[in-house]
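Structure first, commentary second.
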Amino acid sequence: MKGGVVVLLGLVVVGAVVIGARAARPPVVPAMFVLGASTLDVGNNNHLPGKDVPRADHPFYGIDFPGGARATGRFSNGYNIADFIARQLGFERSPVAYLELKSRNCLIPNALKGGVSYASAGAGILDSTNAGKNIPLSKQVRYFASTMAEMETAWGRYNVSKLLASSFFLLSIGNNDLLQSTPKTHADVVALYTTLFSNYSTAITHLYGMGARKFGIINTGPVGCFPRVRLLNATGACHDGLNRLSAGLAAVFKTGLAAALTPTRLPGLTYSLSDSFASSRANFEIPEATGFLNIDNACCGSGRLGAEGDCNTNAMLCSDRNAYAFWDYAHPSQRAAELGAQALFDDGPAQITTPISFKQLAYQK
Ligand SMILES: *[C@@H]1O[C@H](CO)[C@@H](O)[C@H](O)[C@H]1NC(C)=O
Ligand SMILES: *[C@@H]1O[C@H](CO)[C@@H](O)[C@H](O)[C@H]1NC(C)=O
Ligand SMILES: *[C@@H]1O[C@H](CO)[C@@H](O)[C@H](O)[C@H]1NC(C)=O
């Protein structure tokens, strides 16, 4: 991917995205449980203490939130990827944030009705990633364990195990671990991959042990092309080294999970793993299909690439938010999230998912 603003003439600019009410069909799965980082966070970080916690609790975040502008904690101008995956499954939007449900004392009815989100911006597979400023994966899994125990008390073990076995577990984490790491030698890289894979597969195995069976996993992607990373280069080019590091990890996850998540080792488990490099290419390389006029700059931000300053009410806002792939310094716009989620379900020649699509996973008995 080249740096610089992509200007394409003769393109019909796509109008405002209208997100209608959810179709009147029951969801494909009884519930959805979400674990991951900022692309999936729907408000957990709003409940974490500390001024250094990344939070999207202020405008212009949520400026296009369906039903009325509202900064909910999503790092998007509207819905995020979790919301669009939830919609593909037949829900109205992502399940509510765990800490939000706890604070309102309504965890269990919600968990039984549609699931829970544990995702936290800044979180990593490793506890050390942005430590103290997020809910790391291991703690998200513990929060799920405690949710499950409460669900069983309310609804019985049998009912809960049936619910969990057909629920959709959405996972997307790892990019923050890469952004934080600075492996110097080949041996460092191998050690990093080994730790990350080991802890990721441990988390998945723990979830399986508690009854999770369907895993939709979004692999690590081209973090070297985040506007804030491209700032590091005077030309604004993607950071090739970081992209290579991420592609290497994605490959380790792909082969590692295929070997670890087998029917003999974990009977009944099914998964779909997405290739975030392929889905980004699909988003970025055919702008005619996506309507993106700008895949380099943040829509909301300031300074070079719109990525030097944070997205807040002092920021510059682009004029057509659906024409930008990036909403802020590192997160997709609502439109990019929508296209991304769609591609995971309706996988075509781009072969974004393996071994099955998110849709096949959702419908699998
Ligand atoms: C890896 O996972 C183990 C077991 O869940 C956990 O105790 C450990 O803290 C994790 N390691 C790191 C570096 O996060
Ligand atoms: C399990 O679910 C059934 C059907 O919804 C319900 O009638 C039953 O009371 C539940 N069991 C427990 C222990 O709550
Ligand atoms: C900046 O990007 C250019 C083009 O990809 C590359 O040749 C150069 O090495 C980069 N500079 C640094 C400091 O990474």
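In listed order, ligands and their atoms are each counted from 1.
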Legend entry - Heavy-atom donor-acceptor pair, R213 side chain to L269 backbone, under 3.5 Å: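 Checked: no pair found.
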Legend entry - Close residues, ligand 3: non-hydrogen atom nearer than 4.0 Å: N233, T235, A237
Please check if any side-chain donor atom of [X] sits under 3.5 Å from a side-chain acceptor atom of [Y], or the reverse.
{"X": "T147", "Y": "Y118", "result": "yes"}
{"X": "S138", "Y": "D127", "result": "yes"}
{"X": "T185", "Y": "D188", "result": "yes"}

Inset, instruction - Keeping to residues at least two apart or across chains, list the disulfide (SG to SG under 2.5 Å) pairs with something in residues 310-365. - result: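 The answer is C299-C318, C300-C311.
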Legend entry - Ring centre gap for F168 and F33 strictly below 6.0 Å: no
